[in-house]
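Here's the structure, in structure tokens; my notes come after.
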Amino acid sequence: MKPSIPKGTRDFSPEEMVRRNFILQTIRTVYERYGFRQIETPAMENLSMLEGKYGEEGDKLLFRILNSGEVIDEIKAKKDNIRLSDISEKGLRYDLTVPFARYVVMHRNEITFPFRRYQMQPVWRADRPQKGRYREFYQCDADVIGSDSLLNETELVQIIADVFSKLNIGVSIKINNRKILSGIAEIIGEADKIIDITVAIDKLDKIGIDKVNEELKGKGVSDDAITKMQPLFSVKGTTDDRLNFLDNFLSASETGKKGIEEVRTLLSYLHSMSFKSDLIELDITLARGLNYYTGAIFEVKVSDARSTFTSSVLGGGRYDDLTGIFGLPDVSGVGISFGIDRIYDVMLEMNLFEQMHLNESSTKILLVNFGKKEEQYALTVLQKLRAAGVNSEIYPDAAKMKKQMSYADACKIPYVLLIGDEEMQSGKLTLKNMMSGEQNRLDVEELIKKLH
RNA sequence: GUGAAUGUAGCUCAGUUGGUUAGAGCAUCAGAUUGUGGUUCUGAGGGUCGUGGGUUCGAGCCCCAUCUUUCACCCCA
């Protein structure tokens, strides 16, 4: 039997986990600094909770779990009365936002609103794996639900900046507003085609104006509407310039004006909190996650000379009525989601992990095992070290010194303690620093003091 | 779901127009060295060449299928 793992999934070595945990811990610390509280939800949800929430594409990418029991035999017995639910009624979660909405509705009476929650768990998508795209990956979400205030958007943007600054990754935070996109569709007289329109203009950077126009035409957008849109594609200048342009372009759309107003408010909040304005950029072609966003839309791309990574490392936005489908209407929420697997890939590419020399081993000291008699003595020392809060381990076999030293070396354990006859008699133990090679004779108290 | 590339030891890769018993470096293990690792020297183990079929006297090499990984599209963290 040849061992294998499913397509798009990965094992993580101890070295990789140290690095992944560093990223996770950085995000967690920032989330908690801003008052977010952690929850977890099950890896699987009932399919009825997931289906239809992510659009047609999303439904195809759901992992469905085969029902337990003799499913095949039971289905055969049913002949033509087979229902989909006879085969599968559970699926793996596709993101953390929909399960969160479900959580909020189920626990509405225990939750104090506005609820600031964070969640860091794996999600699964049956996508074709490629660079930066996995079938099992972690999302790290923070959402505020039960508040319309744009202060929430402001704080989320600050969180984004804090995290990437701590990780030492240069990024560009792109913002947009669904209301601006709605306004555009309205102004050009194609309000019902908003999805097709935004999907097409989202590709502007990638495929160029001509191809975008071609795609719009293919989707049945009128020539007149396409002509009206052209000025949008050539907007240049600062965020203020763009907003001024939109003031004019969307002057006949109440929704559009509301969107501009929201963007201005967010920017002014950020300004008064002395946020570095060159990090953030209004991008009217940004149209992600359109299925449920209703206000702000966020996306972060790496913008760092040391990285070639082009996919987004964070997405987010506001959804006014996500819980409505679960029976709790009019609850507004806004959230963001870090993709730590991509962040890991970026940091690896930028050699950031090497520069920050993370502790590769949590063990601080290895006690060398010389034999039965010495082992007894070492055990009491080990006990004292651990009681004093020093991460310690003893080599379990009385193997050759070379082997034990090599073990410490390979595991990057910084100190080794030698306890032989001499040490037992004098009570002065030999401490070796594996980095410098230098050795000292210390009693247990001195040892604990030194390692603390 | 569409299109393309890839796969030889744990890892990175050689392998001639199809021709005997498939090689190297690194890693691993053992020894040189019975209380000293990271450098050195010596030796050893490890491959049904991704898998299954086919062509051939003969296949790591050619053909077909399938899986993995990678890249692009779609979509997305």
Side-chain angles (χ1 to χ4, degrees), chain A residues 1-11 13 23 27 54-62 93-97 120-141 160 171 195 198-200 202-203 206-207 211 215 286-291 298-302 308-317 335-346 366 368-371 374 395 398-424 429-439:
Chain A
M1 168 79 68
K2 214 174 190 173
S4 68
I5 56 175
K7 182 198 284 212
T9 65
R10 296 149 305 151
D11 288 325
S13 66
I23 299 171
I27 295 171
Y54 307 104
E56 226 175 287
E57 282 299 317
D59 273 4
K60 284 190 214 152
L61 301 182
L62 285 177
R93 76 164 99 75
Y94 179 90
D95 72 357
L96 301 179
T97 307
M120 310 199 293
Q121 288 188 275
V123 304
W124 293 268
R125 296 182 186 177
D127 219 337
R128 271 230 193 149
Q130 51 177 281
K131 189 184 178 72
R133 179 172 303 187
Y134 307 101
R135 287 186 147 186
E136 178 183 60
F137 62 97
Y138 266 71
Q139 287 194 333
C140 301
D141 280 34
I160 294 169
V171 293
I195 304 253
T198 50
V199 166
D202 189 38
K203 295 178 192 162
K206 225 171 175 178
I207 64 178
K211 294 259 183 184
E215 180 162 334
L286 174 61
R288 315 218 120 213
L290 210 69
N291 286 305
F298 305 119
E299 179 180 82
V300 172
K301 287 199 169 175
V302 177
T308 59
F309 221 78
T310 53
S311 0
S312 62
V313 289
L314 176 142
I336 53 171
S337 180
F338 287 88
I340 73 141
D341 301 83
R342 287 180 177 179
I343 292 173
Y344 182 99
D345 291 344
V346 169
L366 173 78
V368 172
N369 189 328
F370 279 97
E374 295 89 341
Y395 198 88
K400 284 184 180 156
M401 257 285 231
K402 181 187 167 77
K403 192 170 167 71
Q404 301 193 42
M405 296 300 279
S406 303
Y407 172 85
D409 194 45
C411 296
K412 303 218 162 67
I413 297 172
Y415 292 98
V416 165
L417 191 65
L418 306 174
I419 307 172
D421 276 335
E422 249 180 78
E423 285 85 354
M424 288 194 293
L429 314 177
T430 301
L431 177 72
K432 172 160 181 154
N433 179 326
M434 293 297 278
M435 276 281 272
S436 63
E438 124 193 58
Q439 300 195 170

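- In this structure, A/K206 places its NZ atom 11 Å from P of B/C76, rounding to the nearest Å.
- Considering only residues two or more places apart in sequence or on other chains, A/E374 meets the side chain to side chain contact (heavy atoms under 4.5 Å, CB included) condition with A/F370, A/D421, A/M424.
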For this session: At under 4.0 Å between heavy atoms, which parts of nucleotides 45-53 of chain B does protein reach? Answer with one letter per nucleotide, 5' to 3': B base, S sugar-phosphate only, - none.
Result: -----S---
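- Between A/Y94 and A/Y54, the ring-plane angle classifies as tilted under the 30° and 60° cut-offs.
- Taking CG of A/D95 as the reference point, atom CD of A/Q121 lies at 12.0 Å (rounded to 0.5 Å).
- For the atom pair CE of A/M405 and CG of A/L418, the computed distance is 6.0 Å after rounding to the nearest 0.5 Å.
- Rounded to whole Å, atom C1' of B/C76 lies 17 Å from atom CD1 of A/I336.
- For B/C75, the base has a donor-acceptor partner in the side chain of A/R133 [N/O atoms by modelled type, under 3.5 angstrom].
- Separating the CD1 atom in A/I336 from the CG atom in A/L314 is a distance of 5.5 Å, to the nearest 0.5 Å.
- Applying the side-chain hydrogen bond (donor to acceptor under 3.5 Å, both in side chains) criterion to A/Y415, with sequence neighbours excluded, gives no partner residue.
- Taking atom C1' on both B/G1 and B/C13, the two are 35 Å apart, rounded to the nearest angstrom.
- Rounding to whole angstrom units, CD1 of residue A/I340 and P of B/C76 are separated by 21 Å.
- Whole-Å rounding puts the A/Y134 OH to B/U68 P distance at 17 Å.
- With pairs defined as Watson-Crick or G-U wobble and both atom distances under 3.5 Å, the stems of at least three pairs that touch RNA chain B come out as B:1-5 with B:69-73, B:10-13 with B:23-26, B:28-32 with B:40-44, B:50-54 with B:62-66.
- Within the model, atoms CZ of A/R125 and CG of A/L62 stand 9.5 Å from one another, a figure rounded to the nearest 0.5 Å.
- Between the CZ atom of A/R10 and the CG atom of A/D341 there is a distance of 4.5 Å, given to the nearest 0.5 Å.
- Atom-to-atom, CD1 of A/I23 to C1' of B/A77 comes out at 13 Å; the value is rounded to the nearest Å.
- Evaluation of the salt bridge (Lys or Arg N to Asp or Glu O under 4.0 Å) rule for A/K402 yields no partner, not counting sequence neighbours.
- Considering only residues two or more places apart in sequence or on other chains, A/D11 meets the salt bridge (Lys or Arg N to Asp or Glu O under 4.0 Å) condition with none of them.
- With 3.5 Å as the limit, one finds a donor-acceptor pair spanning the side chains of A/T430 and A/E423.
- Each of A/G132 and A/E57 was assigned the nucleotide of RNA chain B with the nearest heavy atom; the assignment lying further toward the 5' end belongs to A/E57.
- Spacing between atom CG of A/D127 and atom C1' of B/C74 amounts to 9 Å, rounded to whole angstrom units.
- Across B/G46 and B/A24, the matching P atoms stand 14 Å from one another, rounded to whole Å.
- Considering only side-chain atoms of A/K7, the nucleotide from B/U68, B/A72, B/C75 that sits closest is B/U68.
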If you restrict it to nitrogen or oxygen atoms, what contacts under 3.5 Å exist between nucleotides 2-9 of chain B and the protein, and what is each distance?
unit_1	atom_1	unit_2	atom_2	d
B/U2	O4	A/R128	NH1	2.6
B/G3	O6	A/R128	NH1	3.0

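- In this structure, CG of A/D202 is placed 12 Å from C1' of B/C74, rounded to the nearest angstrom.
- Legend: residues meeting side-chain hydrogen bond (donor to acceptor under 3.5 Å, both in side chains) with A/R342, ordered by chain and number and at least two apart, are absent.
- Residues passing the side-chain hydrogen bond (donor to acceptor under 3.5 Å, both in side chains) test with A/N369, sequence neighbours excluded: A/E375.
- As judged by a 4.0 angstrom heavy-atom cut-off over every strand, A/K301 is placed among residues making no nucleic acid contact.
- Among the protein residues, A/G8 comes within range of the sugar-phosphate backbone only, with heavy atoms under 4.0 Å from sugar or phosphate atoms but none that close to a base.
- Comparing B/C62 with B/U69, their C1' atoms sit 24 Å apart, to the nearest whole Å.
- The stacking criteria are not both satisfied for A/Y138 over the base of B/A77, which would need a centre-to-centre distance under 5.5 angstrom and an angle between ring planes under 30 degrees.
- With both ends at atom P, the span from B/A59 to B/A22 equals 14 Å, rounded to whole Å.
- Screening residues 128-139 of chain A for side-chain hydrogen bond (donor to acceptor under 3.5 Å, both in side chains) gives A/W124-A/E136, A/D127-A/R133, A/Y134-A/D345 as the qualifying pairs, with residues at least two apart or on separate chains.
- With both ends at atom P, the span from B/U21 to B/C61 equals 16 Å, rounded to whole Å.
- Comparing the C1' positions of B/G10 and B/G45 gives a spacing of 13 Å, expressed to the nearest Å.
- Proximity of A/K131 to the phosphate of B/U70: no side-chain N or O atom is located under 4.0 Å from OP1 or OP2.
- Among the heavy atoms of the strands lying under 4.0 Å from A/Q139 are primed sugar atoms or P, OP1, OP2 only; no base atom is included.
- Legend: residues meeting side-chain hydrogen bond (donor to acceptor under 3.5 Å, both in side chains) with A/K203, ordered by chain and number and at least two apart, are A/E215.
- Taking atom C1' in both B/C76 and B/U39, one finds a spacing of 49 Å when rounded to whole Å.
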For this session: List the protein contact pattern of nucleotides 32-43 of chain B with one symbol per nucleotide (5' to 3'): B for base contact, S for sugar-phosphate-only contact, - for none; contact means a heavy-atom distance under 4.0 Å.
Result: B--BBBB-----
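- The separation of B/A14 from B/C74, taken at their P atoms, amounts to 33 Å, rounded to a whole angstrom.
- A straight line from CD of A/E56 to C1' of B/C76 spans 16 Å, rounded to a whole angstrom.
- For the atom pair NZ (A/K301) and OG (A/S311), the distance works out to 8.0 Å, reported to the nearest 0.5 Å.
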